[in-house]
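The analysis underlying the following values was restricted to heavy atoms, covering all of them including side chains, and did not include hydrogens, waters or symmetry mates.
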Amino acid sequence: MNSAVPLQELLRQHRRDADLTLEGLAERSGVSDRTISDIERGISLGPRRGTMLALADALKLQAGERERFLASARAGRKPATPDARSVDIEPHRLADFTGRESEILSVVAQLDPTGAAGGPAAPVVLHGAPGVGKTSIAIEALHRCATLAPIRLFVDLGGLDAVPLTPLQVLQALLRQLTGDPDVPKKLGEAAAAWRTAAEASAVAILLDDAANEAQVRPVLTSAGQGAVVVTSRRALAGLESARRLTIGPLPRQEGIAFLRRIIPAAQAETGDLDELARFCDDIPLALRIAGNRLATQPSWTVEDFLRRLRREERRLSALAAGDLAMESTFALSYEHLSAPARTLFRRLSLVDGPSFDARLAGAVGDLDVDEAEDLLDGLAGLGLVETLRGDRYRLHDLLRLYAASRLRAEETSDAISAERRRLRGWLLATALTAGSRFEPRPPDAPPVDGRLTFSSNDEARAWLITEAEHWFAAYQAAAARGDHATVLTVADSLHWFSDLWRAWGRWHEVFATSAAAAAALDDPAQQARHLGYLAWAQLVETFDPAQARTTADAALRAARRAGDVQQSGWANFYLAWSMLNVREFDVAHGYADAAVHDFAAAGDVEGELQARSIGASIRSRYEPEAAIGEHRELLEFVQRVGDELPASIRGLTEANAHAVIAYGLLQLDRHEEALAAASAALAIGSSAEFQSGHASAHRHRGLAQLGLGRVDEARADLATALALGAGARSAAWLDEVRAALDAIPG
């Protein structure tokens, strides 16, 4: 086929070559069969670019065929001469326009020099992702400025066309509309002078829609006279001087539901969950309109009928098409404007599991350094394909993620996609291992490998683990699902010390249940005992289920004995003692604590023995406070003697807990001054970030001691801090007790 073949013949031939009916091509592309028929019959000679892109994708046209296909549509849209341009017809004001009141009021205020914004009127740039309704907001705002500027002019700048309007063509279109004279200047300087004269004589409201760049707009803004100018663009047009910018995002959920109710017939709107429908539409106005229109034009459908289609991710984008409106072709307009590296990065961002990401993670998925990734992400954000968030983070909305995934499947092989996914997950797990290892009592001094990140401080490592938890946890689960048990165990081991510093996450029981299962799959009883111990810990401090923790610790003890690992027997007995303490079976708990001390001593594990002696003393404090106080003071003396053999974190944790338990015992004996001193000693060790649970207890004890001494304000402050620190780190019963004590304080 050559480029001279008319569009209608090209489309018909490609459709037949693909063995597709009109209805089959409509189903595959999301373009209505009526629109396809109009093109093939020559009624539509220059269809929208988005329509052509959707058809090219559906027909699976390769590079040369694809370009000829798109060029034939461009030829149908091309004006006869460079300066010829039909008068643009302003899009109609939507009768069912819903929401966006704050955005509209903001635009009106900026356009009106006498309004709330103060100062001279300023042109307003509305920018945002595809389909968010920038043009509709602009039209609504300009209609509300009718008294300020009764004459409205509109020009479609063709920002996403292969050849957008030149500045001269923009001025010519405006002059034709304003003066009614088809004979306009053919040089930019002359056109600018004519526009300045005409605009200063009239109060005009101008909508410059879909700007490609600042150059298209500048001649209009520098000569706008008394009028109001609104520019819409997928780009922020950062170089435009003196403009006020407003980023347009998805609708708030309730406004989206209200919008759906304006479109869908009332009886039909009650046949399913509109909240779910709005969520599947990403709250994007165009997607909401398409969904509403499809339902309104299919009266036999229920909302639930349509939701069943949208729940299938692989069908969602194709289902969001109605007539010549289609989300897929709307996104394609931006995608086609990307450079090859930006397209590659955008496609591969669909492999990222979490809701947001930074340039480092984007670099990992795109095999780029951070600077390259940042530059490409800025370009993607400029076309509305990713959203910028605070803290140098970005987000890919769900529908755009689905579109990126569809482009990935269409343009890369399944083997390449699998390799890229493995590489990304490997990077995440290697980085999580590096970060987690920093919190071990004796962190390994291993060189970085596999391109993982390195961290200059524990704070930096902690921030990464928390911020990227959704990503590395998804990679961890994927490793378990594919049976990579060795990796699962290594990563869980590296994170178990950090887990105590971030109890509020709430998913450590899942991490360690997964690692215990991996150890069982390897039939490694020593590893199984250790990871069941981690799981018992999580059940005690995270899910607050001592009964389940006892069952898990029993299994750990059996595995340790099968392995002949006396050290792990000590830890299993330790968790059994802790479980029994939590259900107030003190005698049984003390027996397990003594067994743990014996096992640790036999294994030569000073750290473990210290922990076992500490919990034994804590158990004693519940029923014999005077003796427990003495035991904990002896424990502190023991720590002083063996302190050089202990990692600083273990020593600090033991000392802080010992002082806190001493304070608890002194409170039971109404020795408030001594309890105050002991709790303060606990709080002087480390930071709340290091010992969140222990510091929560110490603040609780100090608050009650202050209350016993009549220091009401100090008590209130300590108890409030205890409540804040205890959230996510202590049980609901503990929090209720502190809350009751706080509420009981007079005043």
Do the ring centers of [X] and [Y] come within less than 6.0 Å of each other?
X	Y	answer
W472	W505	yes
F600	W571	yes
F512	H531	no
Y534	W537	no

Is [X] reaching over with its side chain to a backbone N or O of [Y], donor-acceptor style, under 3.5 angstrom?
X	Y	value
H496	D493	yes
S579	Y575	yes
Q527	A519	no
D282	L399	yes
R702	A678	no
R401	V352	yes
T467	W464	no
R700	L719	no
Y476	V511	yes
E542	R507	yes

Determine whether [X] and [Y] make a side-chain contact, defined as any pair of heavy atoms from C-beta on separated by less than 4.5 Å.
X	Y	value
S418	R422	yes
R730	S697	yes
L433	T487	no
D599	F574	no
D545	L540	no
W502	L465	no
L377	E374	no
L376	F346	no

Would you call [X]-[Y] a salt bridge at under 4.0 Å N-O?
X	Y	answer
R407	E412	no
E276	R311	yes
D523	R562	yes
R620	E631	yes
R348	D367	no
E637	R633	no
D459	R462	no
D275	R253	yes

Considering non-hydrogen atoms only, spot the tightest contact between [X] and [Y] and give its length.
X	Y	result
V491	S494	O-OG, 2.7 Å
R423	A364	NH2-O, 2.7 Å
I615	A577	CD1-C, 4.3 Å
A560	A529	N-CB, 3.7 Å
V365	E420	O-OE2, 2.5 Å
A596	A612	CB-CB, 3.7 Å

Are more than 12 heavy atoms from other residues, nucleotides or ligands located less than 6.0 Å from atom CZ of R482?
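Atom CZ in R482 is packed in, count exceeds 12.
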Hey, is CG on D736 packed in by over 12 heavy atoms from elsewhere, all under 6.0 Å?
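Buried by this count: over 12 neighbours within 6.0 Å.
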Distance alone, cut at 3.5 Å: any donor-acceptor contact between the side chains of [X] and [Y]?
X	Y	answer
Q528	Q568	no
S456	E460	yes
H471	D353	no
R393	S356	yes
Q539	T552	yes

Would I417 and L351 count as a side chain to side chain contact (heavy atoms under 4.5 Å, CB included) if you check the C-alpha gap in whole Å, the side-chain angles of each, and the deciding distance to 0.1 Å?
CA-CA 9 Å; I417 294 170; L351 300 174; 4.2 Å; yes
Evaluate the ring planes of Y664 and H701, with Trp represented by its six-membered ring, and classify them as parallel (under 30°), tilted (30 to 60°) or perpendicular (over 60°).
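If you compare the ring of Y664 with that of H701, the planes turn out tilted.
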Between L380 and L349, does a side chain to side chain contact (heavy atoms under 4.5 Å, CB included) hold up when you go through it step by step?
CA-CA 11 Å; L380 292 175; L349 285 175; 4.0 Å; yes
Could you walk me through whether L557 and S569 pass the side chain to side chain contact (heavy atoms under 4.5 Å, CB included) check?
CA-CA 5 Å; L557 185 58; S569 292; 4.1 Å; yes
Begin from the C-alpha positions of S406 and R409 and carry the test side-chain hydrogen bond (donor to acceptor under 3.5 Å, both in side chains) through to its verdict.
CA-CA 5 Å; S406 74; R409 292 190 298 270; 5.2 Å; no
Between CZ on residue F439 and OG on residue S499, distance to nearest 0.5 Å
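One finds 11.0 Å between CZ of F439 and OG of S499.
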Would you compute the distance between atom CZ of R438 and atom CD of E440 and round it to the nearest 0.5 angstrom?
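So the CZ of R438 and the CD of E440 are separated by 11.5 Å.
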From CA spacing to verdict: side chain to side chain contact (heavy atoms under 4.5 Å, CB included), E372, D369:
CA-CA 5 Å; E372 290 174 317; D369 65 36; 3.2 Å; yes
For H397 and E387, run side-chain hydrogen bond (donor to acceptor under 3.5 Å, both in side chains): C-alpha distance rounded to whole Å, both residues' side-chain angles, the deciding distance at 0.1 Å, then the answer.
CA-CA 8 Å; H397 285 287; E387 179 186 4; 2.7 Å; yes
